[in-house]
Peer 1: 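Dumping the structure here so I can ask a few things about it.
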Amino acid sequence: MVVRFAPSPTGPLHIGGVRTALYNYLLARKHGGRFILRIEDTDQTRYVPGAEEYIIEALTWCGITFDEGPHIGGPHAPYRQSERKAIYAQYAHLLVEKGWAYYAFDTEEELEEMRRRFEAAGMVAPQYNAITRSYMKNSLTLPPEEVQERLQNGKYVIRFLVPRGREVRFYDEIRGWVSVHTKEMDDKVLLKSDGMPTYHLANVVDDHLMGVTHVIRGEEWLPSTPLHVLLYEAFEWEMPKFAHLPLLLRPDGGGKLSKRDGDQLGFPVFPLRWRDPSTGEVSEGYRERGFLPEGVVNYLALLGWHPSENREIFTIEELIEAFSLERVSKAGARFDFEKARWVNQQHLRAVPTARLVELIRPLWEARGLPPVSDEKLSMLIELAKERAALLPELIESVRFYYEAPTFPLSSEREGKLNPALVENLSEWIVALRELQSWTVENIEALVKHRAKSMGLPLGKVLPTLRLALTGEESGASLYHIIHVLGQGEVVRRLERFVEVYGVRPRV
RNA sequence: GCCCCGUUCGUCUAGCCCGGUUAGGACACCUCUCUUUCAAGGAGGAAACAGGGGUUCAAAUCCCCUACGGGGUACCA
């Protein structure tokens, strides 16, 4: 099995493209096949610098790797279509010789005029086809001498000659048989006047030359597949199998998820941050948002595919094992950011704390937070881990550590303080200061013991202490918080609290 | 407009090919439980076969029509 991912470097890869790459990758790995990256840069006007590097970096981050591609080479190099230009021209001319294609010389204005004319005659979207081509300037209508003359000038395109009266049928691995009549098809340009191929030609030629056995791509290609089928027939090449993946839809139901949706949806549509080189506009990525690559990949796999068992959480290796084209659904899938978060959370919980320390440290430093040892950081992460779905939440939920509470508290929170405890707090500070061994167990014992001797339930004691130490009403285990804060800091914070509330509690 | 593809809880989906299920799971939501609290966990709840015709003893499942959604309709991919 040989599959390929063939993006066009016109900007950042969006999340739907990542899924297409993922399904190809999964299949290649499952069947021990090869996976090729091919850059489809035949439209020179749409080339965006940095896009190719972005695509490779994004897929690498996701753990999607290739066996051949522009970045690693391979037996079918080059892998950029712009560098294969001569190959396509040769094959386009071959089709002309075989009578499957012809030269056309119409200018843009002439094409425009043709469309206007036929529209006026009642056609809605006139195409260059069996009925209109006879009115146009091409090697089918012009005398041979004029054709020769125009070819000398070098300004021509090569168009496919769609045969008449045929039903083109092909089997789609996901949708079953699809058929289209050739009267619905038009004479698509194969070779552009700049000598570059269009997608249709380049894709068929390269897939054949590179030995691709399974063409797995987005559903937007379904309507042009009949043309590709005819192209294989014209070249007398063996056809690959086709599979058209359902599209990723916007959560609001308004069409397919597109690059332009950017951040307006409230969640990233790109795997990595992207800075548009011409406008300077920056779009957020899943990586920067704090997703784990395994979380993104897992969620994406689930959008349009369902395993044979009722299970949602998979590592990439498990996905390789479980994936199959037969279980890909036909209908478009709406992106659900909440569920993506949940899937990521499941993975986050499984990540060893040591790795989280490595992931969090750069974020910690980027925020300019006070230095912490690896040991402290991993204690903090342990505390935050259970309630975080995304990486930055790991830092946000230990805010108490790097940000002392500010007093006075809001009146609502003051209402939750226990007056008896507040009055007695100076004695607690002494006890805490004198605690010999600062362990979670000892702290817990001390708190419980003093609460008991005061006749106060933990439900009164703990919230008050929490407010005094963190300013928050909820969060991780308070005994652990006290422990990680350290004896000195706990005493300092409580003393500050007493300065404000101790003498005459406002409660 | 025309062509192609699609349509099961709010969302992702199982079930459809090989008719007979209390139409299953997950996210989100609600209730209860555990917990100092939040989260997580546990238990439970509400929630769907687009509509209409056939075929059949029996249709989410097979056939047809309609509606709706999406994609395509470039010298873009």
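Residue numbering restarts at 1 for every chain, and letters A, B, ... go by the order of the sequence lines. Just so you know, these numbers use all the heavy atoms, side chains as well, and skip hydrogens, waters and symmetry mates.
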Peer 1: Assign A:Glu472 to base, sugar-phosphate, or nothing according to its heavy-atom contacts below 4.0 angstrom with the strands shown.
Peer 2: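 Touches nothing.
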
Peer 1: With distance as the sole criterion, do the side chain of A:Arg175 and the base of B:C5 form a donor-acceptor contact below 3.5 Å?
Peer 2: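 In this structure, the two groups form no donor-acceptor pair.
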
Peer 1: Go nucleotide by nucleotide along RNA chain B from the 5' end; which of A:Tyr156 and A:Ala333 gets its closest nucleotide reached first?
Peer 2: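 Taking each residue's closest nucleotide, the earlier one in sequence belongs to A:Ala333.
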
Peer 1: Are side-chain heavy atoms of A:Glu294 and A:Ile316 found at a separation under 4.5 Å?
Peer 2: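 When only atoms from C-beta onward are counted, A:Ile316 and A:Glu294 do not touch, as no gap falls below 4.5 Å.
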
Peer 1: Give one of base, sugar-phosphate or nothing for A:Pro197, where a contact means two heavy atoms less than 4.0 Å apart.
Peer 2: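 It contacts sugar-phosphate atoms only.
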
Peer 1: Side chain of A:Leu462: nearest nucleotide among B:C5, B:U36, B:A77?
Peer 2: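 So the side chain of A:Leu462 is nearest to B:U36.
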
Peer 1: Say we look at B:G25 and B:A48: how far apart would their C1' atoms be, to the nearest angstrom?
Peer 2: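 Result for the C1' pair: 14 Å, nearest Å.
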
Peer 1: Would A:Lys339 and A:Glu312 pass as an ion pair if we require N to O under 4.0 Å?
Peer 2: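 A salt bridge links A:Lys339 with A:Glu312.
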
Peer 1: Would you classify A:Thr42 as touching base, sugar-phosphate or nothing, given that sugar-phosphate means primed atoms plus P, OP1 and OP2, and contacts are heavy atoms under 4.0 Å?
Peer 2: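 Sugar-phosphate only.
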
Peer 1: Per the atom types in the model, does the base of B:A26 pair as donor or acceptor with the side chain of A:Lys339 at under 3.5 Å?
Peer 2: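 Yes, the side chain and the base share a sub-3.5 Å donor-acceptor pair.
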
Peer 1: Take atom P in B:C4 and the same atom in B:U66, then report the distance between them in whole Å.
Peer 2: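 B:C4 and B:U66 have their P atoms separated by 13 Å.
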
Peer 1: Measure from the side chain of A:Arg334, starting at C-beta and using heavy atoms only, and say which of B:C38, B:U11, B:C76 lies closest.
Peer 2: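 Among B:C38, B:U11, B:C76, the one nearest the side chain of A:Arg334 is B:U11.
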
Peer 1: Side-chain N or O of A:Lys448 versus OP1/OP2 of B:U36: is the shortest distance under 4.0 Å?
Peer 2: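 So the side chain of A:Lys448 is outside the cut-off, no N or O lying under 4.0 Å from OP1 or OP2 of B:U36.
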
Peer 1: Take atom C1' in B:A47 and the same atom in B:U8, then report the distance between them in whole Å.
Peer 2: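 Going atom to atom, C1' in each nucleotide, I get 12 Å.
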
Peer 1: Centre of A:Tyr128's six-membered ring, under 6.0 Å away, within 45 degrees of the axis: is that where NZ or CZ of A:Arg159 sits?
Peer 2: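 Judged by the rule, A:Arg159 and A:Tyr128 form a cation-pi pair.
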
Peer 1: Does A:Arg327 reach a base, just sugar-phosphate, or nothing at all? Heavy atoms under 4.0 Å.
Peer 2: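 If one applies the 4.0 Å heavy-atom cut-off, A:Arg327 turns out to touch the sugar-phosphate alone, with no base involved.
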
Peer 1: With nearest nucleotide decided by heavy atoms, which residue, A:Gln345 or A:Lys460, maps closer to the 5′ end of RNA chain B?
Peer 2: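 The 5'-side residue here is A:Lys460.
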
Peer 1: Sticking with atom C1', work out how far B:C65 lies from B:A28, rounded to a whole angstrom.
Peer 2: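 Per the computed distance, 37 Å lies between those C1' atoms.
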
Peer 1: If the cut-off is 4.0 Å, is A:Arg349 near the phosphate of B:G41, judged by side-chain N/O to OP1 or OP2?
Peer 2: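 It does, given that an N or O in the side chain of A:Arg349 lies less than 4.0 Å from OP1 or OP2 of B:G41.
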
Peer 1: In terms of side-chain heavy atoms of A:Val189, which of B:C27, B:C75, B:G70 is nearest?
Peer 2: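 Closest nucleotide among those given: B:C75.
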
Peer 1: Could you point out which residue of A:Glu112, A:Glu119, A:Glu113 forms a salt bridge (Lys or Arg N to Asp or Glu O under 4.0 Å) with A:Arg116?
Peer 2: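 The residue from A:Glu112, A:Glu119, A:Glu113 that satisfies salt bridge (Lys or Arg N to Asp or Glu O under 4.0 Å) with A:Arg116 turns out to be A:Glu112.
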
Peer 1: P atom, B:A50 versus B:C12: distance in rounded Å?
Peer 2: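 Comparing P positions in B:A50 and B:C12 gives a spacing of 14 Å.
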
Peer 1: Is it the case that A:Arg169 places NZ or CZ above or below the six-membered ring of A:Tyr171, under 6.0 angstrom from the centre and within 45 degrees of the axis?
Peer 2: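 Not flagged: A:Arg169 not positioned over aromatic ring of A:Tyr171.
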
